Novice: 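Here it is: the structure, laid out below.
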Amino acid sequence: MSEFVRACALSQVPEPGTFGVEVEGRPLVIVRSEGEVYALDEFCTHEEVSLVDGEVYDRTVECWLHGSCFDLRSGKPTGPPATKPLTAYQVRVDGDDVYVAAPSS
């Protein structure tokens, strides 16, 4: 069973939108879309660009630099130029607190 760590306040994450956090030394992006909250590795697998400034729509986050899109549920790219998935983390919301399953070392 994964240990969950508080990542941020839900009120810090726009709907739809993103918020960058660090959980146990790992940079993550917390994303709200269509009433759900997701957590992914922060950096695009194509060019290591932060997804915190990405656009959120249709349960995807799009990298602002080259347009790579990632499915918020799985972290898988939905089209080029990215071909490698992001790690997606389990999320729990308790009141105004967002908890993320602790990343593996």
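On a predicted model such as this, the values are computed, not experimentally measured, just so you know.
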Novice: Transitively linked via ILVMFWY side-chain contacts under 4.5 Å: V13 with L28?
Specialist: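 They do share one cluster, since a chain of ILVMFWY contacts under 4.5 Å joins V13 to L28.
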Novice: Got V91 and V98 here, is their nearest side-chain heavy-atom distance under 4.5 Å?
Specialist: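 Yes, side chains in contact.
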Novice: Report the distance from atom OG of S11 to atom CG of D97, rounding to the nearest 0.5 Å.
Specialist: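 It is 9.0 Å, given to the nearest 0.5 Å.
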Novice: How far apart are the closest heavy atoms of I30 and C8, and which atoms are they?
Specialist: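 Closest heavy-atom pair between I30 and C8: CG1-SG, 4.1 Å.
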Novice: Search all heavy atoms of K84 against all heavy atoms of F70 and return the closest pair with its distance.
Specialist: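 Shortest heavy-atom contact: O-CE2, 3.6 Å.
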Novice: Check V52 against G20 and note the closest heavy-atom contact, atom names and distance.
Specialist: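 That would be CG2-CA, 3.6 Å.
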Novice: About how many Å separate OH of Y99 and CZ of R6, when rounded to the nearest 0.5 Å?
Specialist: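 One gets 6.5 Å once the value is rounded to the nearest 0.5 Å.
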Novice: Is there a side-chain contact between L51 and T18, using heavy atoms and a 4.5 Å cut-off?
Specialist: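 Counting from C-beta outward, L51 and T18 never come under 4.5 Å.
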Novice: Hey, are the side chains of P80 and S68 touching, using non-hydrogen atoms and a 4.5 Å cut-off?
Specialist: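 When only atoms from C-beta onward are counted, S68 and P80 do not touch, as no gap falls below 4.5 Å.
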Novice: Do the side chains of R26 and D41 get close enough for a salt bridge, i.e. N-O under 4.0 angstrom?
Specialist: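 Salt bridge present between R26 and D41.
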Novice: Show your reasoning for whether side-chain contact (heavy atoms from CB on, under 4.5 Å) applies to V61 and V29.
Specialist: CA-CA 10 Å; V61 61; V29 61; 5.7 Å; no
Novice: Is a side-chain N or O of E36 found less than 3.5 angstrom from the main chain of S33, in a donor-acceptor match?
Specialist: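 No.
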Novice: Write down the atom of A102, the atom of V5, and the distance for their closest heavy-atom approach.
Specialist: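 Answer, listing the atom of A102 first, then V5: CB-CG2, 3.9 Å.
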Novice: Do V37 and L10 make a side-chain contact, defined as non-hydrogen atoms from C-beta onward lying under 4.5 Å apart?
Specialist: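 Yes, their side chains come closer than 4.5 Å.
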Novice: Looking at A39 and V100, what are the two nearest heavy atoms and their distance?
Specialist: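 So the minimum-distance heavy-atom pair works out to CB-CG2, 3.9 Å.
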Novice: What do the steps show when you test F43 against V49 for side-chain contact (heavy atoms from CB on, under 4.5 Å), and what is the final call?
Specialist: CA-CA 5 Å; F43 294 98; V49 173; 5.9 Å; no
Novice: Should the pair K76-D71 be classified as a salt bridge under the 4.0 Å nitrogen-to-oxygen rule?
Specialist: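 Looking at K76 and D71, the cut-off is not met.
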Novice: How close do E34 and D58 get, heavy atom to heavy atom, and via which atoms?
Specialist: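 Taking every non-hydrogen atom into account, OE2-CA, 3.7 Å.
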Novice: Does CD belonging to Q90 count more than 12 external heavy atoms closer than 6.0 Å?
Specialist: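 12 or below, so no.
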Novice: Could you tell me if R92 sits above the aromatic ring of F4, with its cationic atom closer than 6.0 Å to the ring centre and no more than 45 degrees from the axis?
Specialist: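 The answer is yes, since R92 meets both limits relative to F4.
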Novice: Are any non-hydrogen side-chain atoms of L72 and L40 less than 4.5 angstrom apart?
Specialist: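 Side chain of L72 against side chain of L40, heavy atoms only: contact under 4.5 Å found.
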Novice: For a 4.5 angstrom cut-off between non-hydrogen side-chain atoms, does Y57 reach P16?
Specialist: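 A side-chain contact under 4.5 Å is absent here.
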Novice: Looking at Y38, is its backbone amide N or carbonyl O close enough to the side chain of R32 to form a donor-acceptor pair, meaning the two atoms are under 3.5 Å apart?
Specialist: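 No, R32 side chain to Y38 backbone: no donor-acceptor pair under 3.5 Å.
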Novice: Verify the cluster assignment for Y89 and V23: are they in a single hydrophobic cluster under the rule of side-chain heavy atoms below 4.5 Å apart?
Specialist: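 They do share one cluster, since a chain of ILVMFWY contacts under 4.5 Å joins Y89 to V23.
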Novice: Measure the spacing between SG of C69 and CZ of R59 and express it to the nearest 0.5 Å.
Specialist: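 Atom-to-atom, C69:SG and R59:CZ are 15.5 Å apart.
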